[in-house]
Amino acid sequence: MLTSKKPNLESVTSINADGSRYFIHPADVSGNFTVWRRVFGALLLAVYVLLPWIPAGGYPAVFFDLAERRFHFFGLTFLSEDLWIGFFLLTGLGFSLFYVTALFGRLWCGWACPFTVFLEQVYRRIERLIDGDAFARRSLDQSAWTFSKTSKRIVKHTLYLVVSLILAHIFVSYFVSIPRLYGYMQESPLNNAKAFGVMLFLAGALYFSFSWFREQFCLILCPYGRIQSALTDDDTVVIGYDELRGEPRGKKSDPNAGDCINCSRCVQVCPTGIDIRNGLQMECIGCAACIDACNEVMDKTSRPRGLVRYDSMNGLAGKVRRYWRPRIMLYTAMLFLGLAVAGLFLTGLHSAKLELVRFPGAPYYVTETTVRNQFRLHLVTKQNAETTFMFSTNELPAGAVVSGIDGPVPVSPGGGKMLTVIVQIPLESYTESFDVTFEATVNPGDFVLSDSVKFLGPSKYLLQ
Ligand code: SF4
Ligand code: SF4
């Protein structure tokens with residue numbers, strides 16, 4: 001006889017009392033949210049697959065070039081010394097997630113988290129295709145090992161493995177680029193053991209996660225679900241059951257019953273195996289499947305939709321809904337501040353760098369007639385084309401001679417150059433330290449970079 005587990009609030013559904021695994025097979029559902037989730041999921045998958053193919057500024061649109069220690073992002077190039085921006089980027093992303101959670105609960109988990117998208121839009125679909133609907137899948141799980149079951153399992157797991165390998169190859173291409181990955185694939189794996197090892201590890205992790213571990217990642221491993229209670233409040237929009245309208249549960253023919261007919265459709269479609277009627281639970285990933293399921297039931301019983309819906313806990317309790325509250329105002333102000341700072345940093349980024357530093361050793365050299373300073377001029381281009389730097393200096397004391405730069409300096413694509421520059425002035429022209437500024441007009445792109453350093457010399461007392 002087929003058995004299915006009833007959710008409770010004491011333990012997660014996917015773990016039995018004896019610690020063994022209970023496989024959840026969510027039933028098929030259709031409805032507006034399901035359609036939009038599929039469309040959005042397909043879009044995210046397309047972005048993941050296509051980004052390494054789309055060129056921007058001579059590189060893939062998103063390319064973590066580990067070999068050259070550069071990160072290309074839609075035409076912007078970041079060097080290893082720009083890593084500090086990554087700190088702001090990561091904290092900014094983390095903060096945005098907090099902000100969205102405070103407003104809309106676990107919208108990220110249900111709609112955009114890569115784990116949910118891969119599981120629901122790729123692996124679960126393969127399973128549906130091979131094993132059939134939820135009832136057929138559960139029957140197959142509990143049936144004896146026949147030829148049919150064995151062949152279905154072999155086909156399904158082979159497809160899981162193939163998809164995991166493809167997804168892992170795409171991931172690696174973000175770090176080595178598609179042409180280089182293709183080159184690697186023509187050679188023995190031993191020639192590129194690191195990349196091959198990463199790809200194999202990732203493919204194995206994907207296969208394990210999506211063929212077996214599944215929703216347990218969200219329930220046991222992911223910290224985000226656990227901190228949501230600290231990020232949300234009674235005005236956060238979540239997915240909830242309208243107890244006032246639904247209770248007491250009963251048949252439609254019962255005049256004393258509420259709108260919930262206790263059909264359990266919302267439980268059957270839940271990918272984490274919970275009953276949304278038990279209230280907001282950590283296991284709810286906000287996938288909206290129960291909304292579509294219940295709306296179907298409401299349509300069939302000629303009752304208004306929305307017994308299970310997106311609403312705040314206050315809204316579900318019949319109280320006033322507040323969207324603007326102190327926490328949201330503070331988050332909004334911080335978000336705009338963060339965006340302004342990020343905009344400021346990004347507009348200051350150039351596709352080339354110029355750095356002027358004093359040469360190690362003595363700060364200056366004095367002869368009977370001159371004072372001399374030596375500097376290092378470090379040039380870097382992040383462009384995928386030869387870049388030319390044309391120099392000029394600020395106004396220097398009379399008789400100053402600059403040597404080490406004779407005309408335009410070319411730098412090969414994505415490369416760098418270190419020049420030694422000597423600035424020499426007549427001893428009688430030196431009275432005190434002054435700024436030496438090198439200005440470079442950079443081609444192609446025609447923008448100007450500059451850097452300054454102090455010209456040093458002997459104290460005036462020594463000169464007397
Ligand atoms: S689907 Fe709707 S009517 Fe059916 S049990 Fe769930 S809440 Fe009640
Ligand atoms: S309770 Fe509803 S929204 Fe939450 S995970 Fe289950 S089906 Fe998705």
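Read the numbers this way: they start at 1 and go in the same order the structure lists the ligands and their atoms. Residue numbers run from 1 in the order of the sequence given.
- Every heavy atom of Val269 sits 4.0 Å or more from the atoms of ligand 2.
- Listed by number with element, the atoms of ligand 2 under 4.0 angstrom from any heavy atom of Ala288 are 3 (S), 8 (Fe).
- Between the side chains of Thr332 and Tyr99, a donor-acceptor pair is found at a separation under 3.5 Å.
- With hydrogens left out, the protein atom closest to atom 2 (Fe) of ligand 2 is Cys290 SG, 2.3 Å, a heavy atom.
- Electrostatic pairing of Glu283 and Arg106 does not count as a salt bridge here, judged by no charged N lying under 4.0 Å from a carboxylate O.
- At least one heavy atom of Ser264 sits less than 4.0 Å from an atom of ligand 1.
- Between Phe175 and Phe63, the gap from one ring centroid to the other reaches at least 6.0 Å.
- Taking every heavy atom of Ile239 and a limit of under 4.0 angstrom, the matching atoms of ligand 2 come to 3 (S).
- Each of the atoms 1 (S), 2 (Fe), 7 (S) of ligand 1 lies under 4.0 Å from some heavy atom of Cys294.
- Counting only N and O atoms by type, the side chains of Thr101 and Tyr224 include a donor and acceptor under 3.5 Å apart.
- Checked options Phe217, Phe118, Phe115; the residue passing with Ser209 is Phe115 (criterion: side chain to side chain contact (heavy atoms under 4.5 Å, CB included)).
- With respect to the salt-bridge test (charged N to carboxylate O, under 4.0 angstrom), the residues Lys152 and Asp131 do not qualify.
- The Cys266 neighbourhood of ligand 1 comprises atoms 1 (S), 5 (S), 6 (Fe), 7 (S), with distances under 4.0 Å to a heavy atom of that residue.
- Considering only non-hydrogen protein atoms, atom 3 (S) of ligand 1 sits nearest to Ile261 N, 3.6 Å.
- Residue contact check: Arg277 has heavy atoms under 4.0 Å from atoms 5 (S), 7 (S) of ligand 1.
- With a 4.0 Å cut-off on non-hydrogen atoms, Ile274 touches ligand 2 through its side chain and not its backbone.
- Protein heavy atom at the shortest distance from atom 4 (Fe) of ligand 2 is Cys284 SG, 2.4 Å.
- A cation-pi arrangement, defined by a distance under 6.0 Å to the six-membered ring centre and an angle within 45 degrees of its axis, is present between Arg21 and Phe23.
- Per-residue contacts place Gly286 under 4.0 angstrom from the following atoms of ligand 2 (heavy atoms of the residue considered): 3 (S), 4 (Fe).
- A salt bridge is absent between Glu120 and Arg37: the closest approach of a Lys/Arg side-chain nitrogen to an acidic carboxylate oxygen does not fall below 4.0 angstrom.
- Side chains of Asp141 and His25: a donor-acceptor N/O pair is present below 3.5 angstrom, by distance only.
- Within the 4.5 Å cutoff, the side chain of Glu296 has heavy atoms near those of the Ser30 side chain.
- Look at Cys260 and atom 6 (Fe) of ligand 1: no N/O/S atom of the residue is under 2.8 Å from the metal.
- Applying the 4.0 Å criterion to heavy atoms of Ile276 picks out, from ligand 2, the atoms 1 (S).
- Here is the list of ligand 2 atoms found below 4.0 Å of a heavy atom in Ile285: 4 (Fe), 5 (S).
- Few gaps surround CZ on Phe95; more than 12 heavy atoms of other groups in view lie less than 6.0 Å from it.
- Near Thr272, with a cut-off below 4.0 Å to any heavy atom, the atoms of ligand 2 are 5 (S).
- For a distance bound of 2.8 Å, the N, O or S atoms of Cys287 include none lying that close to atom 4 (Fe) of ligand 2.
- Ranking the protein heavy atoms by distance from atom 6 (Fe) of ligand 2 puts Cys270 SG, 2.3 Å first.
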